[in-house]
**Q** 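Can you keep this structure in mind? I'll have questions shortly.
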Amino acid sequence: MYKAPRGTSDILPQEQGYWSYITQKAIDIACLYGYQRLDTPTFENAGLFVRSIGEETDIVEKEMYSFQDRSKDRLTLRPEGTAPVCRAYIEHGMHSLPQPVRLYYFADIFRYERPQAGRYRQHHQFGVEALGDSDPALDAEVIDMAWQLYANLGLHNLSLYLNSIGCHSCRPGYLESLTANYSKRQDSLCPDCRRRLRLNPLRLLDCKKPSCIPLTEKAPKSIDYLCQECADNLESLQELLKLLNLPYLIEHRLVRGLDYYTRTVFEIAPEGELVAQATIGAGGRYDNLIEQLGGKPTPAVGFATGIERIVLNLKKQKVAVPAISPPFVFLAYLGPKAKYEAIKLSALLRKSGFSVTLTYGDRSLKAQLKQANTAGIRHALIIGEDEVNNRTIVLRNMDKGEQETIQLDKAVEKLRQAIGGSTRH
RNA sequence: GUGGGCGUAGCCUAGCGGUUAAGGCGCCAGGUUGUGGCCCUGGAGAUCGAGGGUUCAAAUCCCUCCGCUCACCCCA
């Protein structure tokens, strides 16, 4: 038996209510802030991700789904959403549009990881990118969008963590100080941290081992090493967040796993859970990325959120999402002549805008009504030999258990009346 | 890649050495010659994750593998 590949899953009909709810809210937010949709391919040239995410990162080193196609091109299923957007920005000359260019996307994301709660090999993200402006007001706008999205979704008790990891001019000084600080205590470091010290010192701050936490707390903070410009930026961002009434926490241990981030980085997670796996959305500024990918120097800021993690939290917080409506009417028939009429009528009903379903296996009326009932369909049309001969049909209200015989050619009209309080048909 | 937990019909669970593997939900049919929800009756559906071993006898004990799951690394 075939099964869905490890770390992937089917999104079943009973789950779709969450997905359409989230998708719709996300589109609403994007429109509200004037962002336009951009869809990029599911796979890109491998080099795009290697160059943008960074060679030394886990994603590039061991998590990419890469393959060679028949023309020997090295391709990769996208492991994140920002680099493709930047590629499209450059490729389509979007620098000649009024700046900033505001874009949003929904994308499948692929990473070869060991699956666990809230982590999959294929997952889905909604993301926004605002390209072509370095003003911290744009950072604030993106953070605000994220925050409002969660609020509109009905999620509560979330925390916004904020940090600045500086720019190319001030970060080296900070890294030096951080490395020096940790080198002195090398003996008391966990094995992972010793590796981080060599490969990716920023990540030292991420360690959750009880033995390392005191070190992370005493470690130098990036915000103390910011150059004037970065410091000013962070300062005005904070002012703007206050202006927008967004509660935030400066978290100096917050660093992001991708190399392209500069200055602002942020994460939104359930209160008190600053662990990577709990994060439902994250983002930051990436002022050097577009230039690095061959475009003109273009500052930019973005944010992405995992749909699966939103679903997880909606369930955890018991947020009720609107159910997906069943068809408006169930068409039941008895006998071959009636079947013929029923199929003809179903076409007419659909043409008139009524969602209608029927079962074709010539089953008993009992079975057909049972099916309508199970599906939550509130109106049934019943046609048998007698009705065909009289050009009539029975309209049954499934909630009330009442029914009436009507003229067959009045079915559409009668159903229109039956809509009553229903919002959808 | 490392470690823990778990694999019995579509789903949930019982059985933990001894005949045809049991129950609930769901599905199908009948009770009602053309009427759903409640009830009653019946039916279909399981090579007990796979392979090997121990034994007169294995779903049950042992080994290996596979899968799921949780955690670590790291990420949404």
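Chain letters run A, B, ... following the sequence lines, proteins first and then strands; every chain starts at 1.
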**Q** With nearest nucleotide decided by heavy atoms, which residue, Leu258(A) or Arg119(A), maps closer to the 5′ end of RNA chain B?
**A**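 The residue closer to the strand's 5' end, by nearest nucleotide, is Arg119(A).
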**Q** Using atom CD of Glu113(A) as one end and atom P of A71(B) as the other, report the distance to the nearest whole Å.
**A**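 That distance rounds to 13 Å.
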**Q** Knowing that exactly one of Leu160(A), Leu158(A), Asn313(A) qualifies, which makes a side chain to side chain contact (heavy atoms under 4.5 Å, CB included) with Tyr150(A)?
**A** Leu158(A)
**Q** Give me the distance, rounded to whole Å, that separates U55(B) from G42(B) when you measure between the P atoms they each carry.
**A** 44 Å
**Q** Regarding Asp139(A) and Arg285(A), does a basic nitrogen lie under 4.0 Å from an acidic carboxylate oxygen?
**A**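 Arg285(A) and Asp139(A): salt-bridged.
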**Q** Taking the P atom of each, how far is C65(B) from C25(B), in whole Å?
**A** 41 Å
**Q** What is the separation between atom CG on Leu204(A) and atom C1' on C73(B), rounded to the nearest whole Å?
**A** 14 Å
**Q** To the nearest Å, how far apart are Lys62(A) NZ and C73(B) P?
**A** 11 Å
**Q** Should we say atom CZ of Phe106(A) is surrounded by more than 12 heavy atoms from elsewhere, each under 6.0 Å from it?
**A**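 Counting neighbours around CZ of Phe106(A), more than 12 heavy atoms of other residues, nucleotides or ligands fall under 6.0 Å, so yes.
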**Q** Is it the case that the side chains of Gln148(A) and Asn152(A) hold a donor-acceptor pair, with the cut-off being a distance below 3.5 Å and no angle test?
**A** no
**Q** Taking C68(B) as the reference, what is the distance to A50(B) when you measure between their C1' atoms (whole Å, please)?
**A**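 One C1' to the other, the span is 15 Å.
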**Q** Starting at CZ of Phe303(A) and ending at P of A76(B), how long is that distance when rounded to a whole Å?
**A** 11 Å
**Q** Taking protein heavy atoms under 4.0 Å as touching, what does nucleotides 31-44 of chain B look like 5' to 3' if B marks base contact, S marks sugar-phosphate-only contact and - marks none?
**A** B--BBBB-------
**Q** Answer with base, sugar-phosphate or nothing: what part of the nucleic acid does Ala117(A) contact at a heavy-atom distance below 4.0 Å?
**A**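 Here Ala117(A) touches the backbone only, sparing every base.
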**Q** Within the 4.0 Å heavy-atom criterion, would you say Arg363(A) contacts the bases, only the backbone, or no part of the nucleic acid?
**A**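 Arg363(A): backbone/sugar contact only, no base atoms under 4.0 Å.
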**Q** NA contact type, Tyr120(A), heavy-atom cut-off 4.0 Å: base, sugar-phosphate, or nothing?
**A**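 Since a base atom lies under 4.0 Å of Tyr120(A), the category is base.
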**Q** In whole Å, I'd like the distance from the CD atom of Gln125(A) to the P atom of A76(B).
**A** 7 Å
**Q** Is the shortest heavy-atom distance from the side chain of Thr57(A) to the side chain of Leu258(A) under 4.5 Å?
**A**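 They are not in side-chain contact.
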**Q** Between G49(B) and C12(B), how many Å separate the two P atoms, rounded to a whole number?
**A** 14 Å
**Q** Return the nearest nucleotide to the side chain of Arg114(A); candidates are U2(B), G30(B), A76(B).
**A** U2(B)
**Q** Decide yes or no on salt bridge (Lys or Arg N to Asp or Glu O under 4.0 Å) for Asp362(A) and Lys339(A), but give the supporting numbers first.
**A** CA-CA 8 Å; Asp362(A) 302 342; Lys339(A) 179 176 190 175; 3.4 Å; yes
**Q** If you measure from the P atom in G17(B) to the same atom in G51(B), how many Å do you get, rounded?
**A**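 Straight-line distance between the two P atoms is 23 Å.
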**Q** Can you tell if the side chain of Tyr286(A) reaches within under 4.5 Å of the side chain of Val265(A), non-hydrogen atoms only?
**A**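 No, their side chains stay 4.5 Å or more apart.
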**Q** Run through RNA chain B and report every stem of 3 or more consecutive Watson-Crick or G-U pairs, distances under 3.5 Å, ordered by first number.
**A**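 Stems for RNA chain B, defined as runs of 3 or more consecutive pairs: B:1-7 with B:66-72, B:10-13 with B:22-25, B:27-31 with B:39-43, B:49-53 with B:61-65.
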**Q** Does the side chain of Phe303(A) reach to within under 4.5 Å of the side chain of Val301(A), using non-hydrogen atoms?
**A**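 No. Closest side-chain heavy atoms not under 4.5 Å.
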**Q** What integer number of Å spans the C1' atoms of C38(B) and G67(B)?
**A**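 Between the two C1' atoms, the distance is 41 Å.
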**Q** Between Glu129(A) and Thr82(A), do the side chains contain a donor N or O and an acceptor N or O under 3.5 Å apart?
**A**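 Their side chains do contain a donor-acceptor pair, which is all the 3.5 Å distance test asks for.
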**Q** Does OP1 or OP2 of U69(B) have a side-chain N or O of Gln116(A) closer than 4.0 Å?
**A**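 No, no such contact exists.
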**Q** Check each residue of residues 2-39 of chain A for a non-hydrogen atom within less than 4.0 Å of any atom in RNA chain B, then write out the ones that pass by number, or none.
**A** Lys3(A), Arg6(A)
**Q** In this structure, are over 12 heavy atoms from other groups packed under 6.0 Å from Tyr340(A) atom OH?
**A** no
**Q** To the nearest Å, give me how far apart CD (Gln368(A)) and C1' (A29(B)) are.
**A**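 The distance from CD of Gln368(A) to C1' of A29(B) comes to 15 Å, rounded to the nearest Å.
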**Q** Rounding to the closest angstrom, what is the interatomic distance between U60(B) and A14(B) at atom C1'?
**A** 13 Å
**Q** Nearest whole angstrom, please: distance from the C1' of A76(B) to the CD1 of Ile53(A).
**A** 13 Å
**Q** Any non-hydrogen side-chain atom of Leu349(A) less than 4.5 Å from a side-chain atom of Leu381(A)?
**A** yes
**Q** Is there a donor N/O on one and an acceptor N/O on the other, under 3.5 Å, for the side chain of Arg203(A) and the base of C74(B)?
**A**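 No such pair is found, so the answer is no.
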**Q** Using atom OH of Tyr112(A) as one end and atom P of C73(B) as the other, report the distance to the nearest whole Å.
**A** 19 Å
**Q** For Gly81(A), which contact category applies under a 4.0 Å heavy-atom criterion: base, sugar-phosphate, or nothing?
**A**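 No contact.
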**Q** Using the six-membered ring of Tyr112(A), assess whether NZ or CZ of Arg121(A) lies under 6.0 Å from its centre and within 45 degrees of the ring axis.
**A**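 The answer is yes, since Arg121(A) meets both limits relative to Tyr112(A).
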**Q** Expressed as a whole number of Å, how far does the C1' atom of A29(B) sit from that of A44(B)?
**A** 10 Å
**Q** Within the structure provided, determine whether Gln317(A) and Leu155(A) are in side-chain contact (heavy-atom separation under 4.5 Å).
**A** yes
